[in-house]
Amino acid sequence: MQVTETLAEGLKRELKIEIPAGDLAAKLDSYLDDMKSKVRINGFRPGKVPVAHLKKVYGRQAMAEILSNTIQETSQKALEDRSERPALTPAIDLTDEEAEKILAGSADLSFKMSYDVLPEFEIADFSSIEIERPVVEVADEEIDSQIAEIAKNNVPFEPKKVKAKDGYRVTMSYLGKIDGEPFDGGADENGQLVLGSGRFIPGFEEQLVGVKTGEEKTIEVTFPEDYPAPNLAGKVATFDIVVKEVAAPGEATIDDEFAKTLGLESLDQLKEIVRGQIEGQFGMMTRQRVKRQLLDKLDDVYSFDLPEGLLNSEFDSVWRQVEEDMKRNGKSFEDEDTTEEAAKADYRKIAERRVRLGLVLSEVGEKNNVQVTDEEMQRALYDRVRQFPGQEKQVFDFYKNNQQALATLRAPIYEEKVVDFILGQAKVTDKSVTKEELEKLVADEDDNA
């Protein structure tokens with residue numbers, strides 16, 4: 001194998017790799033000799049098929065496989081010999097005409113390999129980075145407010161011989177029809193609806209105001225144009241309704257008995273659970289704020305050339321999302337007081353930041369042996385599977401049999417662990433803030449982003 005560097009500009013590299021036709025022919029002979037003892041061809045005893053005959057029948061197919069393997073092996077060896085790490089899979093330049101000659105055994109294998117190398121940079125001293133961590137102390141009033149909201153959504157209902165009104169619960173059977181024909185999902189024998197909750201199709205609940213137990217009624221509604229089921233969107237439907245019960249709302253007394261209706265042992269246990277949930281919510285906002293500060297600091301510290309292919313790939317991904325969002329929201333660049341060219345320039349800066357920080361975090365993780373454990377991957381996989389009820393096995397099999405899909409689960413875990421590693425060396429100072437102050441900090445970050 002002969003390797004010649006034909007381009008070395010910045011991070012760009014191009015190599016010309018040549019393998020003599022004789023080497024390929026030797027590989028083909030070895031391949032066919034090994035095949036001779038395995039192949040079965042009518043008219044020949046096992047192991048007695050002449051190599052010349054095998055070459056005539058299987059030569060082109062075998063050479064195609066040898067060619068593919070040789071390109072892969074020699075490309076990898078060239079990179080290893082040069083101690084270079086490509087940012088993306090190298091591009092191989094081999095024309096169909098040249099490949100045909102090689103397959104016919106009439107030409108040496110000669111191809112070009114183009115790639116960008118990953119940039120080299122020094123890992124900074126993270127002890128000089130200062131981060132302010134906003135911390136909210138959960139007040140008893142916040143817990144009481146959340147429990148009051150839970151009680152509001154779990155009020156007891158008592159059957160009444162009265163006309164239904166907003167806030168009352170109606171239990172009913174109903175059958176929905178379009179053009180006189182029932183449709184899937186349009187029937188229920190014991191449907192319950194709290195009037196005024198906005199859970200049903202617009203116009204449905206309003207027509208139940210004033211109904212009484214035992215009453216039968218047919219109402220007409222129109223499904224919204226953006227209704228998730230395309231076969232129903234924009235359609236006029238009728239519902240034949242039989243009211244089985246009208247129940248008036250009572251008041252939930254917040255005590256141990258109320259907690260037991262939620263499946264808990266006591267009010268104290270409910271308060272602890274609510275406290276944990278609130279702390280979790282504040283913790284996520286604090287983490288978002290701290291991570292954004294850290295990434296901003298790293299963005300200030302590091303400045304180096306980026307692999308063009310990697311940058312273009314990231315920009316294409318970002319821009320595709322921008323176009324999809326604008327189309328979905330019916331927006332134009334003029335609506336955003338900008339132009340497509342200016343927007344592309346702004347989003348390219350975002351892509352540059354993402355790629356640069358991604359390379360930094362990857363290098364920090366690799367140099368410090370940050371690992372994602374099998375247990376963490378298993379937990380992430382099960383969390384993902386639970387997002388698709390009824391399709392658990394299909395989703396599980398998809399990820400188990402797709403390394404690229406598994407990598408999408410691993411990447412965020414790895415990033416968070418590297419962030420934690422850096423924060424462990426940085427100077428992190430806690431600052432007590434109110435709930436409103438924390439929410440504003442996070443909101444401001446979202447606006448800036």
Side-chain angles (χ1 to χ4, degrees), residues 88 176 178 183-186 196-206 221-237 281 284-285 287-289 291-292 295-296 299 306 308-358 380-381 383-392 394-396 398-399 402 404-413 415-416 438-449:
L88 295 172
I178 293 179
F183 58 87
D184 289 341
S197 63
R199 284 181 48 230
F200 274 34
I201 310 161
F204 190 104
E205 297 177 19
E206 292 83 348
V221 295
T222 301
F223 282 91
E225 293 291 343
D226 59 351
Y227 195 71
N231 62 312
L232 301 178
K235 297 289 182 64
V236 175
Q281 293 166 2
M284 289 175 63
M285 288 191 285
R287 173 71 175 190
Q288 181 179 339
R289 172 63 179 164
K291 183 177 178 181
R292 180 57 185 263
L295 295 179
D296 287 345
D299 195 35
L306 301 175
E308 185 177 353
L310 201 59
L311 176 56
N312 289 339
S313 176
E314 181 64 27
F315 172 75
D316 289 343
S317 176
V318 171
W319 189 248
R320 193 160 48 245
Q321 184 65 52
V322 170
E323 290 183 316
E324 289 174 359
D325 289 345
M326 295 188 71
K327 182 178 179 180
R328 183 168 54 251
N329 296 319
K331 296 280 188 179
S332 67
F333 293 107
E334 289 75 14
D335 294 332
E336 301 296 327
D337 195 26
T338 186
T339 64
E340 181 173 349
E341 292 72 21
K344 281 187 173 181
D346 288 339
Y347 282 106
R348 190 164 186 86
K349 291 178 182 177
I350 292 175
E352 289 173 355
R353 172 186 164 101
R354 287 187 181 182
V355 171
R356 182 174 292 107
L357 291 176
L381 177 56
D383 286 344
R384 183 62 172 159
V385 166
R386 278 195 290 268
Q387 296 176 16
F388 298 88
Q391 305 176 54
E392 289 86 352
Q394 297 95 312
V395 176
F396 184 85
F398 169 74
Y399 279 96
N402 189 322
Q404 189 171 356
L406 274 177
T408 65
L409 296 181
R410 178 185 179 278
I413 302 173
E415 179 176 304
E416 293 303 317
L438 178 58
E439 289 174 341
K440 186 176 187 306
L441 284 171
V442 174
D444 289 345
E445 280 184 0
D446 290 341
D447 289 341
N448 290 334

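We number each residue from 1, following the sequence as shown. Because the structure is predicted, anything quoted here is derived from the model rather than measured.
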> Can you name the closest pair of heavy atoms from Gly176 and Phe183 and give their distance?
Replying inline: C-CE2, 3.3 Å
> Under the criterion side-chain contact (heavy atoms from CB on, under 4.5 Å), which of Thr222, Asp226, Val221 is the partner of Pro224?
Replying inline: Asp226
>> I'd like to check the ring pair (Phe, Tyr, Trp, His ring centres under 6.0 Å) partners of Phe204; sequence neighbours left out, ordered by chain and number.
In response: Phe200, Phe239
> Under 3.5 Å, side chain of Glu206 to main-chain N/O of Gly203, donor-acceptor pair present?
Replying inline: yes
> Considering all heavy atoms of both residues, which atom of Glu205 and which atom of Gly196 are nearest to each other, and what is their separation?
Replying inline: OE1-N, 2.8 Å
> With sequence neighbours excluded, what pairs up with Phe398 under the ring pair (Phe, Tyr, Trp, His ring centres under 6.0 Å) test?
Replying inline: none
>> How long is the straight-line distance from CD of Gln321 back to CG of Asp316, given to the nearest 0.5 Å?
In response: 13.5 Å
> Does a salt bridge link Glu323 with Lys327, judged by any charged N lying under 4.0 Å from a carboxylate O?
Replying inline: no
>> If the condition is side chain to side chain donor-acceptor pair (under 3.5 Å), which residues does Lys331 pass it with, not counting sequence neighbours?
In response: none
>> Tell me if a side-chain donor or acceptor on Glu352 pairs with a main-chain N or O of Leu311 at a distance below 3.5 Å.
In response: no
> Who passes ring pair (Phe, Tyr, Trp, His ring centres under 6.0 Å) against Phe388, sequence neighbours left out?
Replying inline: none
> So, Ser332 versus Asp335: side-chain donor-acceptor pair below 3.5 Å or not?
Replying inline: yes
> What pairs with Arg410 under side chain to side chain donor-acceptor pair (under 3.5 Å), at least two apart in sequence or on another chain?
Replying inline: none
> When rounded to the nearest 0.5 angstrom, what is the spacing between CD in Glu336 and CG in Asp346?
Replying inline: 11.5 Å
> Is there side-chain contact between Phe333 and Met326, with at least one heavy-atom pair below 4.5 Å?
Replying inline: yes
> Can any side-chain N or O of Glu392 pair as donor or acceptor with the backbone N or O of Val385 at less than 3.5 Å?
Replying inline: no
> Looking only at heavy atoms, what is the nearest atom pair of Ala405 and Tyr399, with distance?
Replying inline: O-CE2, 3.5 Å
>> Could you report the tightest heavy-atom contact between Met285 and Glu439, atom names first, then the distance?
In response: SD-CG, 4.1 Å
> Of Arg289, Lys291, Arg353, which is the lone residue that meets salt bridge (Lys or Arg N to Asp or Glu O under 4.0 Å) with Asp296?
Replying inline: Arg353
> With sequence neighbours excluded, what pairs up with Asp383 under the side chain to side chain donor-acceptor pair (under 3.5 Å) test?
Replying inline: Arg386
>> Run the salt bridge (Lys or Arg N to Asp or Glu O under 4.0 Å) test on Glu340 and Lys344 for me, step by step, so that the C-alpha distance in whole Å, both residues' side-chain angles and the decisive distance to 0.1 Å come before the verdict.
In response: CA-CA 6 Å; Glu340 181 173 349; Lys344 281 187 173 181; 3.6 Å; yes
